[in-house]
Amino acid sequence: MTKLEGDVSYPDPAIGASSHVPDPDGLRRAAAADPAGFWADRAAELEWYEPWDTVLDDANAPFFTWFVGGKTNIVRNAIDRHLAGPNKNKLALIWLSEDGTEHRTFSYFSLARQVNQMANIIVSMGVRKGDRVTIYLPRIPEVVFAMLACAKIGAVHSVIFAGFSADALQSRIDDSESKLVITADGSWVNGSIFPLKDIVDDAARHTPSVENVIVVKRTGQDVAMDPLRDHWYHDLTVLPIAKGRCETEVMDAEDPLYILYTSGSTGKPKAILHTHGGYMVGTYTTLKYCFDIRPEDRFWCTADPGWVTGHSYLVYGPLLTGATTFMFEGGPTYPYPNRWFQLIEYYGITAFYTAPTAIRSLMRFGEAWPNRHDLSSLRLLGTVGEPINPEAWHWFHRVVGKQRCPVIDTWWQTETGMFQITQVPGEPQKPGSAGKPFFGQEAEILDDAGNPVPDGEEGFLVLKNPWPAMMRTLFKDDERYVSQYWSKYPGKYLAGDSARRDADGYFWIIGRTDDVIKVSGHRLGTAEIESALVSHPAVAEAAAIGLPHDVKGNAIHVFVVLRLGYEPGEGLAEELRRHVSQHLSPIAKPDWIDFAEKLPKTRSGKIMRRVLKARALGQPEGDLSTLEE
Ligand code: WT7
């Protein structure tokens with residue numbers, strides 16, 4: 001092996017030799033020579049009602065299509081095919097409640113029954129193939145049933161993270177024109193109730209498309225029920241329509257599977273659209289290869305199904321590979337910071353996938369908490385969501401993985417659907433680097449003019465090849481799809497991140513280049529935070545920036561210009577933080593609020609967040625030629 005530069009970890013070569021990819025370099029070369037062939041071979045490992053005619057059609061680029069002419073349904077491969085073989089009575093899903101007192105398990109067979117029942121109920125509400133269904137549920141098994149039930153009947157799910165406020169929920173329901181909303185009475189968050197149903201009621205006052213709301217009982221507090229619109233799920237399951245059998249709809253490979261809203265540079269969140277065929281092949285392949293998933297695995301992805309990580313690697317990926325997926329309702333430190341380690345031990349988790357921010361928050365509590373537990377079932381660790389700092393990488397590797405487990409850093413996005421820059425077990429790892437492009441992919445670092453920058457220098461990260469799980473477009477907004485992702489460098493996918501590549505071909509992600517802030521791995525748009533602030537009567541103008549934070553990666557710092565008659569003060573700052581929490585989401589709550597007389601703007605009136613950031617960090621303010629006055 002050639003000598004690699006820098007801090008490198010050489011995992012036990014036996015890990016690689018026995019993995020699904022014993023010869024990563026060989027496969028990388030083969031896939032580079034024939035990406036379509038690589039993907040066709042992977043797709044052939046799954047079941048299709050009818051085979052595809054063309055693997056990749058790029059005639060209408062950047063509207064790429066995959067497995068054209070093929071007929072399948074992601075549920076056929078996530079559930080149905082397992083029922084015909086030895087997986088039938090194997091555990092598909094294990095779930096534990098936040099307080100640890102409720103434990104529910106579902107074999108592939110019983111998962112199928114639950115999904116079928118919910119699918120029949122959804123159909124009985126008038127939902128048909130192509131219709132959108134909004135899912136606003138806590139981390140409970142019903143969120144998995146609901147997603148799979150929609151997919152099964154060909155409806156398009158739109159999962160909204162159950163921490164978003166009524167305003168955010170309303171705009172997303174409205175944009176998707178959902179006829180049906182599936183929610184719960186409430187969710188448990190560190191022992192308190194978050195009132196999901198009240199939030200849906202608030203949101204649905206302004207969403208004419210909603211005909212029905214299904215309510216899962218989770219917390220048991222009293223909630224208002226509209227007799228014409230709202231239905232308890234447990235009441236529906238006893239009706240004759242709620243049969244345990246339901247045909248899986250035959251879908252075109254390119255039929256939409258889901259939309260998922262994510263933040264962009266402007267105020268309106270973007271609805272990323274994914275399809276049945278390519279997304280299925282992409283999530284299946286990446287999970288299988290990068291996490292070396294085997295039938296006996298118990299895979300734990302700590303993400304919420306409200307984000308793409310939960311879609312691809314908590315729900316779809318593990319079921320497509322026939323593994324057992326573990327879902328925990330709670331977070332890492334409630335009631336004590338040993339929670340996750342206790343569950344790894346108790347459930348015998350073999351592969352564990354989480355975010356750097358969670359690792360950093362656990363590091364603060366010291367090694368005694370993980371050391372209380374037997375973590376020897378772990379075989380592999382993974383991270384996602386933001387760059388992992390080397391200290392956190394080493395802690396994860398040493399304290400959690402006991403220096404036995406590869407740490408697979410996975411760089412990808414809601415838009416990409418599947419891992420793009422990552423590693424497979426057995427490859428040397430550089431702590432802090434996401435690794436190399438996945439098989440069949442090529443990435444580049446470009447300067448503003450589109451020229452590749454020399455190795456080691458920072459620039460814009462682009463992906464050069466289409467891949468099966470790529471978004472197909474932005475729902476109802478083809479134009480923005482092209483302008484946002486494919487216009488800066490025609491023919492290349494603009495990721496929105498800055499990065500550098502080293503001499504060994506490893507990629508080092510630096511951060512977003514647009515007005516997106518990654519806070520604890522969550523993706524927030526500055527415009528969304530600002531418009532939540534401006535909706536408060538005291539606020540005339542606001543600007544949000546991200547500043548480095550030890551645990552969260554970035555913290556939210558806002559600058560606020562008050563309307564005449566309002567006085568700055570601690571009380572008002574606290575009220576504004578609460579306001580953002582209620583009008584956008586608790587995850588968007590500003591960490592610091594500064595009251596300003598005015599904001600630095602360009603002569604055309606655009607807020608110069610770059611200048612605010614430089615000032616806050618005490619750095620040079622750069623080119624100020626466009627600053628007004
Ligand atoms: C942005 C996408 C898809 C996973 C969850 C986040 C950042 C993601 C990494 C990583 C460095 C990362 C990027 C990217 N990001 N993974 N391994 N190393 N940065 O999905 O919410 O769509 O955010 O998350 O900035 O553009 P997302």
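Since we're looking at a predicted model, the values are computed, not measured. Indexing begins at 1, ligand by ligand and atom by atom, following the structure's order.
At a threshold of 4.5 Å between non-hydrogen side-chain atoms, the residues Glu427 and Arg28 count as touching. In this structure the side chain of Phe326 reaches within 4.5 angstrom of the side chain of Leu343, judged on heavy atoms. With contacts defined as side-chain heavy-atom distances shorter than 4.5 Å, the pair Ser9/Trp393 qualifies.
Close N/O approach between Gly385 and ligand 1 is found [any backbone or side-chain N/O within under 3.5 Å]. Inclusion of Thr262 in the set of residues having an N or O under 3.5 Å from an N or O of ligand 1 is not warranted.
Aromatic ring pairs are classed by plane angle as parallel below 30°, tilted from 30° to 60° and perpendicular above 60°; the pair Trp592 and His549 is tilted. Under the 30°/60° scheme for interplanar angles, the aromatic rings of Trp39 and Phe438 are found to be tilted. The aromatic rings of Phe439 and Tyr289 sit perpendicular to each other, their planes meeting at more than 60°, with 30° as the lower class boundary. Classification of the Tyr353-Phe419 ring pair by plane angle, with boundaries at 30° and 60°, yields perpendicular.
What sits closest to atom 13 (C) of ligand 1 on the protein, heavy atoms only, is Asp497 OD2, 2.9 Å. Looking from atom 4 (C) of ligand 1 to the surrounding protein, the closest heavy atom is Val384 CG2, 3.3 Å. Scanning all protein heavy atoms for the shortest distance to atom 22 (O) of ligand 1 gives Thr414 OG1, 2.5 Å. Here the protein heavy atom with the shortest distance to atom 24 (O) of ligand 1 is Lys518 NZ, 2.8 Å.
Counting atoms of ligand 1 from 1 in the listed order, those under 4.0 Å from a heavy atom of Pro387 are 11 (C), 18 (N), 19 (N). Taking every non-hydrogen atom of Thr309 and a distance limit under 4.0 Å, the qualifying atoms of ligand 1 come out as 4 (C), 5 (C). Within ligand 1, the atoms closer than 4.0 Å to a non-hydrogen atom of Val308 are 3 (C), numbered from 1 in the order shown. Every atom of ligand 1 with a heavy atom of Arg523 under 4.0 Å away is listed here by number and element: 2 (C), 21 (O), 22 (O), 23 (O), 27 (P). Close contacts between ligand 1 and Ile509 involve ligand atoms 11 (C), 19 (N) [criterion: under 4.0 Å to a heavy atom]. Below 4.0 Å from some heavy atom of Thr410 lie the following atoms of ligand 1, by number and element: 9 (C), 10 (C), 16 (N), 17 (N). Short contacts between ligand 1 and Asp409, defined as distances under 4.0 Å to a heavy atom of the residue, involve ligand atoms 10 (C), 17 (N).
Under 4.0 Å from ligand 1, not a single heavy atom of Ala434 appears. Using a 4.0 Å cut-off between heavy atoms, Gln413 contacts ligand 1 through both its backbone and its side chain. When heavy-atom distances to ligand 1 are checked against a 4.0 Å cut-off, His522 has no atom that comes that close, whether in backbone or side chain.
With hydrogens and angles left out, the side-chain atoms of Asp255 and His276 include no donor and acceptor closer than 3.5 Å.
Taking the six-membered ring wherever Trp is involved, the centroid distance between the rings of His311 and His274 does not fall below 6.0 Å. Between Tyr313 and Phe299, the ring centre distance reaches or exceeds 6.0 Å.
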